Amino acid sequence: MKNEPDDYSIDNLKKDKICDWYGIRNYQVRNMIRDEMKKNDLAFFYHSNCDEPGIYGLMKIYKESYPDHTAFDRKAKYYDPKSNRDEPRWFMVDVKYIRHLKRPISLNELKSHKKLNKMKVVQRGNRLSITKLTQNEWNFILKIE
DNA sequence: GCCAACGTTGGC
DNA sequence: GCCAACGTTGGC
């Protein structure tokens, strides 16, 4: 799960312990969090759009999807007039901090491992803020951290 | 700050 | 339903 650290980083999450992952405005990602994410699913916290993009931490889904209320707030950055409380268009989950990786694993390093070359996050032009990875990829990353 | 890649919008 | 124009993402 990507976020820009200038906006909200793994360090912020460590402090807060739990946060709501609001602001998703992409249908593919929405479907994934709404239909597939289950409580206690694990996720990496990925820092994007920063000096050293890469994986920084480990977290889990703490609360399954519920309507993203920032879409209802006229003054919010993520306001969407097409979403309303009766028929919410956007959803979010809450995540809970587990730990930092022992060391961050940069995008460059992810790209250098042959076993990870199918991972969405290393693929060119991928713009989804949340992507799936396989159990093997997950295990591999935890082995090299 | 540039720009490639992609998603979304809206006219037709 | 096509597709050009536009906006956004995110690496570099």
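In what follows, chains are A, B, ... by sequence order, proteins preceding strands, each numbered from 1. Keep in mind that this is a model prediction, so the values were computed, not measured. Both backbone and side-chain heavy atoms feed into the values below; hydrogens, waters and symmetry mates do not.
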| task | Return the value, rounded to whole Å, for the distance between atom CZ of A:Arg124 and atom P of B:dA5. | result | 4 Å
| task | Hydrophobic side-chain clustering at under 4.5 Å (ILVMFWY, transitive links): who's grouped with A:Met59? Put none if nobody. | result | A:Met1, A:Tyr8, A:Ile10, A:Leu13, A:Trp21, A:Ile24, A:Val29, A:Met32, A:Ile33, A:Met37, A:Phe45, A:Tyr56, A:Ile61, A:Phe91, A:Val93, A:Val95, A:Tyr97, A:Leu128, A:Ile130
Using atom names, set out every protein N or O paired with an N or O of nucleotides 7-11 of chain B below 3.5 Å, distance rounded to 0.1 Å.
| unit_1 | atom_1 | unit_2 | atom_2 | d |
| --- | --- | --- | --- | --- |
| B:dG7 | OP1 | A:Gln28 | NE2 | 3.4 |

| message | Tell me whether the count of non-hydrogen atoms from other residues, nucleotides or ligands lying under 6.0 Å of NZ in A:Lys118 goes above 12. | response | no
| message | Quiz question: by atom type and distance under 3.5 Å, do the side chains of A:Ser9 and A:Asn12 form a donor-acceptor pair? | response | yes
| Residues which pass side chain to side chain contact (heavy atoms under 4.5 Å, CB included) with A:Ser83, listed by chain and number, not counting sequence neighbours | A:Ala71, A:Phe72, A:Asp80, A:Pro88, A:Arg89, A:Trp90
| said: Side chains of A:His47 and A:Pro53, heavy atoms from C-beta outward: is any pair under 4.5 Å? | reply: no
